[in-house]
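Reading through the structure tokens given below for one structure.
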Amino acid sequence: MHFRLRLLLTFSLLVATPLLAMGEQASKTGQGNGLPHLERRGKATQLLVDEKPFLILGGELHNSSSSSVAYMKPVWPRLSAMHMNTVLVPVAWETIEPQEGKFDFTVVDGLLQDARANNLKIVILWFGAWKNTYSSYTPAWVKTNIARFPRVQTSDGRDTERLSPFSTVVRDADAQAFAKLMHHLREADGEQHTVLMVQVENEVGVIPQSRDHSAVANAAFAADVPQALMAYLEKHLTALNPELRATWEAAGAKSKGTWQEVFGKAPLTDDLFMAWQYATYIEHVTAAGKAEYPLPMYANAALIRPNYEPGQYNSGGPLPHSMDIWRAGAPSLDFLSPDIYFNEFVDWADRYTRRDNPLFIPEAQGGVTGAANVLYVVGHDAAIGFSAFGVDDQGNTPLDLVGVTTPGERIDNAALGSMYLTLSRLQEEVVRGQETGGLSAAVLEGDAQRAGRVAVGAYTANVVRAGGGAASGSRVGVLFIPISADEFLVVGCGDAGVTFSADTPGPPIVGIESIDEEFFENGAWTPRRRLNGDENSQGQALRLHATDLADGRIYRVSLYRY
Ligand code: DGJ
């Protein structure tokens with residue numbers, strides 16, 4: 001089989017057209033041989049596994065969990081019981097290449113075997129040169145040899161604990177280890193397809209200063225912006241991220257010059273400079289991995305807190321304002337992903353959703369918040385998947401996420417598990433709705449009623465908080481799945497009321513013809529009560545309950561206009 005697979009892979013790589021955009025390029029690499037790959041289908045770019053669309057209902061492990069197969073043994077069945085279909089699993093450089101040139105895949109193989117035994121898929125997170133800006137997951141032979149593997153330096157010439165993305169020695173060693181990992185995965189998993197995708201590095205960028213000040217970095221900063229980047233920006237001018245375009249135009253829209261001449265003398269220029277460097281470095285690593293085994297690959301971003309400057313946030317990471325620089329520098333990446341821990345989830349998710357950038361959320365809050373948010377990204381942004389962070393503790397270990405959880409707070413992922421169960425039962429309808437572009441979703445964030453008014457076919461749904469949710473300000477999410485022009489399945493998270501109106505030409509008034517609650521019984525959605533009277537505000541509204549999730553209840557709503 002290995003020979004056959006190798007032939008297929010070689011052929012796949014040969015037919016991949018280098019000029020295709022992110023996402024679309026990958027659609028070629030794994031097509032026709034069952035390998036996980038991205039493919040444009042109708043209005044959405046989807047992840048196909050064994051030639052079928054696959055919606056990732058996932059969770060990411062805590063950083064250290066997957067260093068031990070034994071530690072993970074009891075965890076896998078718990079994750080499976082939470083109705084996840086995919087687990088995001090770190091694989092560290094120090095684990096697979098503890099001694100230079102000597103590779104050990106015992107842990108990787110153990111993880112693969114136990115994931116399979118629990119019917120779970122995996123997304124591998126390559127903790128190579130960087131993990132959250134630092135280089136703490138590199139092997140000792142890299143960490144301790146600073147002369148050979150140089151570090152990012154501060155402006156006063158001090159080394160930091162971050163490898164420099166300007167070092168080709170670092171880059172080549174990282175790329176070689178990554179290529180070995182991908183080679184091994186092809187041999188160990190090229191037929192079973194347990195591993196769906198790979199994240200290359202983790203939340204790269206530089207802090208606490210906005211750029212590397214090593215001699216080689218200073219020289220690159222004083223040199224002209226590479227011609228390849230200038231050509232890309234000029235060619236894609238009208239589609240550029242507005243902030244990037246405004247920055248470039250404010251500095252005179254030059255087509256040649258140093259970084260400060262082209263983008264201005266501001267900290268943001270340091271960020272754009274580092275973005276190009278991280279992107280071109282990661283391109284090298286990604287291409288080396290894909291040459292061995294062309295799974296979809298992506299890079300993830302730590303987002304920006306309000307009013308933070310480059311260096312306070314990860315300067316150079318794949319952020320919305322630098323997405324075009326990343327696309328130009330790292331064409332082998334299939335997409336860029338946001339790790340969204342902020343309450344302003346909707347804005348960040350939408351900013352990463354572009355025709356050339358399918359949305360995947362690798363890290364986010366779990367619990368009820370995650371259960372509401374997954375409805376939004378699946379329905380509004382046609383996401384290929386969602387994953388909550390730190391799912392392996394099941395609320396038993398306090399999860400301290402600065403600014404998100406209070407110290408010691410435990411996140412109960414029962415609601416997320418129930419949501420995953422419901423969505424897995426609706427997977428076919430959801431992926432079909434993504435293809436036709438017919439899905440819609442609403443989210444109520446914090447106290448704001450944002451994204452609460454949403455088009456549902458030819459109707460408009462108005463979602464407002466009801467009951468306990470109003471007092472607690474907890475998140476509400478609603479997904480609408482069209483069955484026909486006037487009939488929808490509705491999945492909710494939280495206490496809410498939904499009224500319907502019409503903004504499109506035609507009869508002005510919308511009536512509720514019927515609302516039925518449905519439960520999944522014997523493999524099919526089956527109606528129970530016809531909801532009317534007090535249960536639907538005398539025919540005026542659909543009422544969603546926080547308990548619907550745990551009960552496994554969805555609604556079938558028929559509307560009419562007069
Ligand atoms: C973001 C990182 O990408 C994760 O690995 C983890 O460190 C979380 N922050 C929170 O702890």
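Remember, it's 1-based here, ligands and their atoms both numbered in the order they're listed.
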*Which of the ligand 1 atoms, numbered from 1, are nearer than 4.0 Å to a heavy atom of Y341*: 8 (C)

*Numbered atoms of ligand 1 (with element) below 4.0 Å of E203, judged on heavy atoms*: 1 (C), 2 (C), 3 (O)

*Using the test side-chain hydrogen bond (donor to acceptor under 3.5 Å, both in side chains), find all partners of N118 that sit at least two apart in sequence or belong to another chain.*
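For N118, no residue satisfies side-chain hydrogen bond (donor to acceptor under 3.5 Å, both in side chains) once neighbours in sequence are set aside.
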
*asked:* Against ligand 1, does K131 come closer than 4.0 Å with any heavy atom?
replied: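 Yes; K131 lies near enough to ligand 1 that a heavy-atom distance drops under 4.0 Å.
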
*Where does the angle between the aromatic ring planes of Y298 and F335 fall among parallel (under 30°), tilted (30 to 60°) and perpendicular (over 60°)?*
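Correct class here is parallel.
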
*Using distance alone, determine whether N202 and ligand 1 share an N or O pair under 3.5 Å.*
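Yes; at least one N/O pair falls below 3.5 Å.
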
*Measure centre to centre between the rings of F221 and F273, then say whether the value is under 6.0 Å.*
yes

*Listed partners of K143 passing salt bridge (Lys or Arg N to Asp or Glu O under 4.0 Å), at least two apart*: none

